[in-house]
Asks: 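The structure follows.
Worth knowing before you read on, the calculation uses all heavy atoms, side chains too, and leaves out hydrogens, waters and symmetry mates. First the proteins, then the strands, lettered A, B, ... as listed; each starts at 1.
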Amino acid sequence: MDTFFNNENPLQIRLKTKEFYQQSTLELAQNLLGCLLIKETSEGVASGYIVETEAYMGPEDKAAHSFQNRRTKRTEVMFGEAGIAYTYKMHTHCLVNVVSGEKEKPQAILIRAVEPFTGIPLMKTRRQTTELRNLTNGPGKLTKALGITMDDYGSSFLSPPLMIAEGYIPESISVGKRIGIENSGEAKDYPLRFWVKGNAFVSRHQREI
DNA sequence: ACAATGATCCGCT
DNA sequence: GCGGATCATTGTG
């Protein structure tokens, strides 16, 4: 058991260990649901339960940045060990992925939404809104709320400042198509998006597959 | 050196 | 639903 401190309360957590990240990308994308995503900064600690993920399968997946094993400065961390953060910039937003798969297999899981847990006042300040539902219900929103930036590129989720810990086991998981990849041919229909069924913080409502 | 392209968000209709 | 903001990354010449 590790203890981290929030502005108000000590937070008792059980960090996920290295072995957790060594399952297949499809399993990991689902098993990340319900886990706690935590970020410590000089401003304080903020955390939320992961409620929506998308798997990006690498060389064979036209929607993945690592499609056809494209290996550049940006995609480099995906070729490394599982359990590392792959952050990248999209327009004005930073998005965060969990690198998965074996070494040299550039797969990753995009965290698309979390449910706010601790540090909610800090999240409201960062996001400039008081509406709880609007704090972290999208991949660009949650990074801003939690204070995740390009500084976290290549950082391990096994230790501060960026961490993933045990949370809860979702009752039911929904599966659907990924979002925002209309121009990636057949890959756009792959059933690689997972979310906690019925959770209010999921980014968009969509039919299950 | 340059132009195209988004794994998004927000505000408006 | 739609379009604009806005910029790093990437491929091409």
Asks: Nearest-Å distance, OH (A:Tyr56) to P (B:dG6)?
Replies: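 A:Tyr56 atom OH is separated from B:dG6 atom P by 12 Å.
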Asks: In the 5'-to-3' direction, what one-character label does each nucleotide of nucleotides 8-13 of chain B receive under the scheme B = base within less than 4.0 Å of a protein heavy atom, S = sugar-phosphate only, - = no such atom?
Replies: BSS---
Asks: Are a donor atom and an acceptor atom from the side chains of A:Glu131 and A:Thr129 found within less than 3.5 Å of each other?
Replies: no
Asks: Between A:Asn97 and B:dA7, does any side-chain N or O lie under 4.0 Å from OP1 or OP2?
Replies: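 No, A:Asn97 has no side-chain N/O under 4.0 Å of OP1/OP2 on B:dA7.
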Asks: Please give me every residue in residues 60-86 of chain A whose heavy atoms get under 4.0 Å of an atom in DNA chain C, ordered by residue number.
Replies: A:Arg70, A:Thr72, A:Arg74
Asks: Who passes salt bridge (charged side-chain N to carboxylate O under 4.0 Å, His left out) against A:Glu52, sequence neighbours left out?
Replies: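 Result, salt bridge (charged side-chain N to carboxylate O under 4.0 Å, His left out) vs A:Glu52: A:Arg112, A:Arg193.
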Asks: Can you list everything that forms a side chain to side chain contact (heavy atoms under 4.5 Å, CB included) with A:Thr72? Sequence neighbours excluded, please.
Replies: A:Arg70, A:Arg74, A:Thr75
Asks: Counting only pairs under 3.5 Å, give me each side-chain donor-acceptor contact of residues 161-172 of chain A, with atom names and distances, residues two or more places apart or in other chains.
Replies:
none

Asks: Using the test salt bridge (charged side-chain N to carboxylate O under 4.0 Å, His left out), find all partners of A:Lys39 that sit at least two apart in sequence or belong to another chain.
Replies: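 A:Lys39 satisfies salt bridge (charged side-chain N to carboxylate O under 4.0 Å, His left out) with A:Asp152 only.
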Asks: Rounding to a whole Å, what distance do you find between A:Lys188:NZ and B:dG6:C1'?
Replies: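 One finds 17 Å between C1' of B:dG6 and NZ of A:Lys188, rounded.
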Asks: For A:Asp189, what residues pass the salt bridge (charged side-chain N to carboxylate O under 4.0 Å, His left out) criterion, not counting sequence neighbours?
Replies: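 With sequence neighbours excluded, A:Asp189 shows a salt bridge (charged side-chain N to carboxylate O under 4.0 Å, His left out) to A:Lys177, given in chain and number order.
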Asks: Can you name the side-chain hydrogen bond (donor to acceptor under 3.5 Å, both in side chains) partners of A:Glu104, sequence neighbours left out?
Replies: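 side-chain hydrogen bond (donor to acceptor under 3.5 Å, both in side chains) list for A:Glu104, sorted by chain: A:Arg71.
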Asks: Using a 3.5 Å limit for the pairing distances, which stems of at least 3 consecutive Watson-Crick or G-U wobble pairs does DNA chain C take part in?
Replies: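 DNA chain C forms these stems: B:1-6 with C:7-12, B:8-12 with C:1-5.
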Asks: Side-chain donor-acceptor pairs under 3.5 Å in residues 84-94 of chain A, sequence neighbours left out?
Replies:
from	atom 1	to	atom 2	distance (Å)
A:Tyr86	OH	A:His65	ND1	2.7
A:Thr87	OG1	A:Tyr153	N	3.4

Asks: Taking only residues two or more places apart in sequence or in another chain, which ones pass salt bridge (charged side-chain N to carboxylate O under 4.0 Å, His left out) with A:Glu27?
Replies: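 Counting only residues at least two positions away or on another chain, A:Glu27 forms no salt bridge (charged side-chain N to carboxylate O under 4.0 Å, His left out).
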Asks: From CD of A:Glu182 over to P of B:dT5, roughly how many Å is that when rounded to an integer?
Replies: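 After rounding, the reported distance stands at 16 Å.
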Asks: Scan for ring-ring contact (aromatic ring centres under 6.0 Å, His included) pairs involving residues 180-209 of chain A, sequence neighbours excluded, and state none if there are none.
Replies: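 Checked against ring-ring contact (aromatic ring centres under 6.0 Å, His included) - neighbours excluded - no pair reaches residues 180-209 of chain A.
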